[in-house]
Amino acid sequence: MPLRLFNTLSGKIEEFRPLADNQVRMYACGPTVYDYGHIGNFRTFIAVDVLRRFLRQSGYQVRHVMNITDVDDKIIRNSARDGVSVRQYTAKYEKAFLEDTETLNIERPQLVRATDHIQHMAQFIASLEKKGFAYRAEDGSYYFRIAKFPDYGKLSKKDFAGMEDGARVDVDEYDKDNARDFALWKAPKPGEAFWETPIGRGRPGWHIECSVMSMGELGETFDLHAGGEDLIFPHHENEIAQSEAMTGKPFVHFWFHARFLLVEGEKMSKSLGNFFTPRDLVLKGHKPSSIRYLLASVPYRNQLNFTFSGLKQAAESVERLRTFTLRLTTERFPEGSGESMSDLAKETIERMRAGLQDDLNTAQAQGAIFEMVRKANAAADAGQMRKDDVAPLLCAVEKFDEIFAVLKDDDQPKIQRVLDWAEMEGKLKEASQEVIAAANTQQLSDAKVEKKISEMEQARRARNFKHSDAIRAELNAAGIVVEITKDGARWRRK
RNA sequence: GGCGCGGUACCCAAGUGGUAAGGGAGAGGUCUGCAAAACCUUUAUACGUCGGUUCGAUUCCGACCCGCGCCUCCA
């Protein structure tokens, strides 16, 4: 069964079939690097990441391109305010963004920067003008003439048919033929940064970069274009207008949009004080894996209410899966195999796939894996687990993690990087005591921990529980959880 | 106002025309030197409200209430 995805363009769930048999070409709108990315941004990027990972798991080769918007009004304004070049200003936030995607295990797409393609954009605009879809305003700005593009509004389902070309609205404010016409190119105001191009001095409008760079990398028609739901209009609508006006061909087959999230039941905003970046959350003591898990656990088209209680629950869920994996890999089971476990694993893989194929129903996939965990634990407790059952069960867990990417216990180095950054930025005081304490205990190497553990085991064998408990308490204080099992002690970092 | 999405237990969250996955939290229990982990039992006469269709609706239709999004640069 093929993947079924909601396509904003048709407003329906459709079978996803790429143009080329085996290859998917997708483009995702990336960040505008004028500030740190927040969890709302990352919800979208994680949704796209889940899509990308699932496509690959389904056997497609994925060509995934993402833009970095490193020029816009805010960037121009802020860089001028700080007295630095546009590139100097954006470099910091671009770096931060890439670090954050790593922190959240978002696979890196091929990146394209807007400022690397200014000349291409200028050429593109010149061609649009030649074709009659663009015009130059008195100040040297260029606008797209939407009255020339009858399909305008087909993505956002807006009806612009009644709009007459030439009906001037707000003439004082806009130097355009029609208020709905949007800027392709902005002439510089005095003191503003600009690029020198054949169509004059200025900077690109917001939408043009995505048309130029996506088609430049992926061709005139490609499979899928993704972004947050707010981009449906005007951004993606305008991309369609520019691109299809240019080529006369369909621009994109599938439009994929992730829904906005709420934070503690309210729209995230700085004024409400519920505005968080992944860095904020890490400093508050939340693991990157918890953040990713929570952001991925609600299907992308549903509103996700991001709460601190939810973050805690996510952490517990991840812990449960990690503990299960640890159990399978450390416990000794009798030789042989019990037929039911490999069936269970197969069933689970099938259910996860079915869920994800159904418009990326991540919640269903999670339900499937947890049901397997419970059943497998029960079997192990009942002494019915066999040595050969382990591999298929682990395989199912692996399939799960190919999509969710939360099981590898690599939170600590990422947390450390955030701490290092906080120190440099003078934000270390915002870090919780727990985070700092946990980071300090990372000094304890695996070898040292192992040594302590074997000392503890010796004490236990001698039934010197006072001593063994003391060691366990000491390790615990250092962020190491020790669990005694019938096959000996096993440990993990908190 | 136009267009669209949603309202499921203490919290998060799937799902179905025939009476509710999963996770977290709570309670009780098993195991254990003690912990931890794990397992078992338990927590929705019921899926916003009111009508309608139907043998039967939480699931389909209608109205209403509530929440949310977009309607020019916010993912």
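Throughout, protein chains are lettered first and strands after them, A, B, ... in sequence-line order, and every chain is numbered starting at 1.
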Establish whether the base of B:C34 is bridged to the side chain of A:Arg472 by a donor-acceptor pair shorter than 3.5 Å. yes
Can you tell me the base-pairing partner of B:A63? Count Watson-Crick or G-U wobble geometry only, both distances below 3.5 Å, and say none if there is no partner. B:U49
B:A9 pairs with which nucleotide, Watson-Crick or G-U wobble, both distances below 3.5 Å? none
If every non-hydrogen atom of A:Ala345 is compared with every non-hydrogen atom of A:Ala396, which pair is closest and at what distance? O-CB, 4.1 Å
Which atom names give the shortest non-hydrogen contact between A:Arg327 and A:Ala380, and what distance separates them? NH2-CB, 3.4 Å
Tell me: CD1 of A:Ile291 to P of B:C12, nearest whole Å? 20 Å
Quick check: are there more than 12 heavy atoms from other residues, nucleotides or ligands sitting under 6.0 Å from NZ of A:Lys157? yes
G-U wobble or Watson-Crick pairing nucleotide for B:A57 (cut-off 3.5 Å, both distances): none
Nearest-angstrom distance from the residue atom CG of A:Leu311 to P of B:G23: 19 Å
Check residues 29-36 of chain A and write down every donor-acceptor pair under 3.5 Å in which the side-chain atom is one partner and the other belongs to a residue at least two apart or another chain.
unit_1: A:Asp35; atom_1: OD2; unit_2: A:Lys270; atom_2: NZ; d: 3.3
unit_1: A:Tyr36; atom_1: OH; unit_2: A:Trp421; atom_2: NE1; d: 3.1

Please state the P separation for the pair B:C39 and B:C47 - nearest whole angstrom. 31 Å
Hey, does the side chain of A:Asn361 come within less than 4.0 Å of B:A14's phosphate (OP1/OP2), counting only N and O? no
Counterpart base for B:U19, defined by Watson-Crick or G-U wobble contacts under 3.5 Å: none
Taking atom C1' in both B:U43 and B:A9, compute the distance separating them and give it to the nearest angstrom. 8 Å
Can you find a side chain N or O atom of A:Asn476 that sits less than 4.0 Å from OP1 or OP2 on B:A36? no
Whole-Å distance, A:Ile369 CD1 to B:A13 C1', equals 17 Å
Does a side-chain N or O from A:Arg320 land closer than 4.0 Å to OP1 or OP2 of B:C39, or not? yes
In the 5'-to-3' direction, what one-character label does each nucleotide of nucleotides 67-75 of chain B receive under the scheme B = base within less than 4.0 Å of a protein heavy atom, S = sugar-phosphate only, - = no such atom? -BSSSBBBB
Considering only the C1' atoms, how many Å lie between B:U19 and B:G56, rounded to the nearest integer? 10 Å
For nucleotides B:U54 and B:G18, find the distance between their C1' atoms and express it as a whole number of Å. 12 Å
Any strand counts, and the cut-off is 3.5 Å on both contacts for Watson-Crick or G-U wobble. Which nucleotide pairs with B:G4? B:C68
Separation between the C1' atoms of B:G69 and B:A63, rounded to whole Å: 23 Å
Check the angle between the aromatic planes of A:His225 and A:Tyr27 and answer parallel, tilted or perpendicular using the 30° and 60° thresholds. tilted
Is there ring stacking between A:Phe370 and B:G22, where the centres must be under 5.5 angstrom apart and the planes under 30 degrees? no
For B:G33, which nucleotide in any strand shown is its Watson-Crick or wobble partner with both distances under 3.5 Å? none
Determine the Euclidean distance between corresponding P atoms of B:A14 and B:G6; express it in Å to zero decimal places. 11 Å
Which base, if any, makes a Watson-Crick or G-U wobble pair with B:A27, both distances under 3.5 Å? B:U41
Nearest-angstrom distance from the residue atom OH of A:Tyr300 to C1' of B:A14: 16 Å
RNA chain B nearest-nucleotide lookup for A:Asp358 and A:Asp469: closer to the 5′ end is A:Asp358
Do A:Gln313 and B:G23 have a side chain to base donor-acceptor pair shorter than 3.5 Å? yes
Tell me whether the rings of A:Phe144 and A:Phe133 are parallel (<30°), tilted (30 to 60°) or perpendicular (>60°). parallel
Among B:G15, B:A37, B:C11, which nucleotide sits nearest the side chain of A:Ser309? B:C11
5'-most contact on RNA chain B (nearest-nucleotide basis), A:Leu294 vs A:Gln364, goes to A:Leu294
Which whole number of Å gives the distance between the C1' atom of B:G15 and that of B:G7? 15 Å
Using the C1' atom as the point on both nucleotides, what is the distance between B:C70 and B:C64, in whole Å? 24 Å
Measure from CZ on A:Phe324 to C1' on B:C39 and round the result to the nearest Å. 13 Å
Closest to the A:Ile484 side chain, choosing from B:C39, B:A36, B:C34: B:C34
To the nearest angstrom, the CE-C1' distance between A:Met385 and B:C39 comes to 12 Å
A:Leu356 CG - B:A14 C1' separation (whole Å): 13 Å
Looking only at N and O atoms, is any donor in the side chain of A:Arg374 or the base of B:G22 less than 3.5 Å from an acceptor on the other one? no
Which pair of non-hydrogen atoms, one from A:Pro278 and one from A:Gly37, has the smallest distance, and what is that distance? CD-O, 3.4 Å
Just checking, any donor-acceptor pair under 3.5 angstrom between side chains of A:Glu14 and A:Ser10? yes
Ring center gap for A:His257 and A:His236 short of 6.0 angstrom: yes
Between A:Gln364 and A:Asp358: side-chain donor-acceptor atoms closer than 3.5 Å: no
To the nearest Å, give me how far apart CZ (A:Arg322) and C1' (B:A36) are. 17 Å
Just to be sure I understand the rule, does A:Arg351 reach a base, reach only the sugar-phosphate, or reach nothing, if contact means heavy atoms closer than 4.0 Å? sugar-phosphate
